[in-house]
Amino acid sequence: MENPGKIAAATAALSYIEDNTVVGLGSGSTAKIFIEKLAERVAAENMTLTCVATSHFSEDLGLKLGLNVVPLDEVTSVDVTVDGADEVDPQLNGIKGGGAALFFEKIVAKASKQNIWVVDPSKESPRLGSFKLPIEVLPFGSGHVFNYLADMDLDPTFRMLDEQTRLTTDSANYIIDVDVSKVDDLHALGDELIRHTGIVEHGLFLDICDTLIVGEEPARVINRH
Ligand code: DER
């Protein structure tokens, strides 16, 4: 049985999608529900949409459901992207990457005129850091990046598929998860991480979300001021 909060949030996001627009398809379990419901609406209302995906999984799902999914470079911009999040604070800053899709998600988000996040209530937090921050790193020299993060007292761990196998992303990179619960200035941390050679991207999505939809009955909508 799917989480009712996820269903409520994903359903509420449908009202933001207009015909003849470009829609970003997020990744994760809540975004999956949105994609499924969007495909139903497109078929029922004979809508004309162009979609771009934030992961191979979402691309395959959209295509399987009959959505017109195209490569990001085939559109000049995205009108609305609907995505999930792992943790969101009252300023609509968030941590993403629980599904290891943060790199493509951030590329699509930055190309989007409006970013909508759909979450169940458990994702809301007064302060980011309860969820470990995912960092996407190049496999080459990843041990040195790991040590750099350890020296920053961020308690790094490689994301594993099983005891022997490191997870690899759609871009064939690794994910290192770190503890940022003791970090006061996440903007400064994000700026430092992205400058470190070997780090491809991180899951701090700051000043990106425009509208947060929380899956309650009725759905609670918070817009960035
Ligand atoms: O990786 C991500 O950021 C995804 O959006 C995902 O982790 C969101 O979580 P969900 O599966 O609970 O929607």
Open item on the list: Filter on salt bridge (charged side-chain N to carboxylate O under 4.0 Å, His left out), then keep only pairs touching residues 70-80, sequence neighbours left out; what's left?
Closed with: Asp79-Lys113

TODO: Please assess Ser171 against Asn173 for the test side chain to side chain donor-acceptor pair (under 3.5 Å), listing each intermediate value before the final yes or no.
DONE: CA-CA 5 Å; Ser171 302; Asn173 294 318; 4.5 Å; no

Task: Evaluation steps, side-chain contact (heavy atoms from CB on, under 4.5 Å), between Ile35 and Leu65 - done: CA-CA 8 Å; Ile35 294 168; Leu65 297 174; 4.2 Å; yes

Task: Where Ala219 and Ala8 come nearest, the two heavy atoms and their spacing - done: CB-O, 4.4 Å

Task: Nearest atoms (heavy-atom pairs only) where Ile175 meets Ala100 - done: CG1-CB, 4.2 Å

Open item on the list: For Phe104 and His56, take the angle between the two ring planes, folded into 0 to 90°, and tell me which bin it lands in: parallel under 30, tilted 30 to 60, perpendicular over 60.
Closed with: perpendicular

TODO: Look at the side-chain heavy atoms of Ile, Leu, Val, Met, Phe, Trp and Tyr, link any pair under 4.5 Å apart, and say whether Val137 and Ile194 land in one connected group.
DONE: no

Task: Residues forming a salt bridge (charged side-chain N to carboxylate O under 4.0 Å, His left out) with Glu201, sequence neighbours excluded - done: Lys106

Task: Residue pairs involving residues 193-225 (criterion ring pair (Phe, Tyr, Trp, His ring centres under 6.0 Å); sequence neighbours excluded) - done: Tyr148-His196

Open item on the list: Is any side-chain heavy atom of Leu154 closer than 4.5 Å to one of Leu189?
Closed with: yes

Open item on the list: Minimum heavy-atom separation for Ser27 and Thr54, please, with both atom names.
Closed with: OG-OG1, 2.7 Å

Task: For Phe34, the option from Asp83, Ile17, Ile116 that meets side chain to side chain contact (heavy atoms under 4.5 Å, CB included) - done: Ile17

- [ ] Please lay out, stage by stage, how Leu167 and Tyr174 fare under the test side-chain contact (heavy atoms from CB on, under 4.5 Å).
- [x] CA-CA 6 Å; Leu167 173 144; Tyr174 293 148; over 6 Å; no

Open item on the list: Consider side chain to side chain contact (heavy atoms under 4.5 Å, CB included). Of Arg224, Glu124, Lys123, which one does Leu212 pass it with?
Closed with: Glu124

Task: Sub-4.5 Å side-chain heavy-atom contact between Val82 and Tyr16 - done: no

TODO: State plainly whether the residues Glu36 and Arg41 are in salt-bridge range, i.e. N to O under 4.0 Å.
DONE: no

Task: For the student: nearest non-hydrogen atoms of Asn20 and Leu49, plus distance - done: N-CD2, 4.3 Å

- [ ] Would you give the length of the straight line joining atom OG1 of Thr81 to atom CG of Asp210, rounded to the nearest 0.5 angstrom?
- [x] 10.0 Å

TODO: Take Lys132 and Asp155, measure what salt bridge (charged side-chain N to carboxylate O under 4.0 Å, His left out) needs, and give me the verdict at the end.
DONE: CA-CA 10 Å; Lys132 282 202 163 187; Asp155 186 26; 3.6 Å; yes

Task: Side-chain touch Thr76/Val22, heavy atoms, less than 4.5 angstrom - done: no

Open item on the list: Taking the basic N atoms (NZ, or NE/NH1/NH2) and the acidic carboxylate oxygens, is any pair closer than 4.0 Å for Asp177 and Arg159?
Closed with: yes

TODO: Report yes if some heavy atom in the side chain of Arg166 is under 4.5 Å from a heavy atom in the side chain of Leu161; otherwise report no.
DONE: no

Open item on the list: With clusters defined by side-chain heavy atoms of hydrophobic residues (ILVMFWY) lying less than 4.5 Å apart, directly or transitively, does Val221 cluster with Leu92?
Closed with: no

- [ ] Would you check if Arg220 and Ile213 make a side-chain contact, meaning some heavy-atom pair closer than 4.5 Å?
- [x] no

Task: Point-to-point distance, once rounded to the nearest 0.5 Å, from SG of Cys209 to CH2 of Trp117 - done: 5.0 Å

Task: Partner of Leu204 under side chain to side chain contact (heavy atoms under 4.5 Å, CB included), chosen from Asp191, Val183, Leu133 - done: Leu133

- [ ] Could you grab the distance from atom NZ of Lys32 to atom CG of Leu25, nearest 0.5 Å is fine?
- [x] 13.5 Å

Task: Which atom of Ile176 lies closest to which atom of Pro156, heavy atoms considered - done: CG2-CB, 3.6 Å

- [ ] Check the pair Ser29 / Ile33 against side-chain contact (heavy atoms from CB on, under 4.5 Å), numbers first and verdict last.
- [x] CA-CA 7 Å; Ser29 59; Ile33 298 168; 5.9 Å; no

Open item on the list: Rounded at 0.5 Å granularity, tell me how far CD in Gln114 sits from OG in Ser77.
Closed with: 12.5 Å

Task: Closest approach of Val108 to Ala53 (non-hydrogen atoms, all atoms of both residues) - done: CG2-O, 3.8 Å

Open item on the list: So, taking the atom named CG in Asn68 and the one named OG1 in Thr50, what distance separates them when rounded to the nearest 0.5 Å?
Closed with: 5.0 Å

Task: Residue pair Val145, Ile199: steps toward the side-chain contact (heavy atoms from CB on, under 4.5 Å) verdict - done: CA-CA 7 Å; Val145 173; Ile199 289 179; 3.7 Å; yes

TODO: Step by step, work out the side chain to side chain donor-acceptor pair (under 3.5 Å) result for Ser55 and Asp170.
DONE: CA-CA 7 Å; Ser55 61; Asp170 283 353; 4.8 Å; no

Open item on the list: Taking atom NE2 as the centre, does His187 end up with more than 12 heavy-atom neighbours from other residues, nucleotides or ligands that are less than 6.0 angstrom away?
Closed with: yes

Open item on the list: Treating Asn46 as the side-chain partner and Val42 as the backbone partner, does any N or O pair qualify as donor plus acceptor under 3.5 Å?
Closed with: no

Task: Heavy-atom check, side chain of Leu186 versus side chain of Asn93, under 4.5 Å - done: no

Task: Glu87 side chain reached by Lys96 side chain, heavy atoms, under 4.5 Å - done: no

Open item on the list: Nearest 0.5 angstrom please: Leu128 CG to Leu206 CG, how far?
Closed with: 7.5 Å

Task: Check: Ile95 and Val180 side chains under 4.5 Å, non-hydrogen atoms - done: yes

Open item on the list: Hydrophobic clustering (ILVMFWY, side-chain heavy atoms < 4.5 Å, transitive) - are Val80 and Ile208 grouped together?
Closed with: no

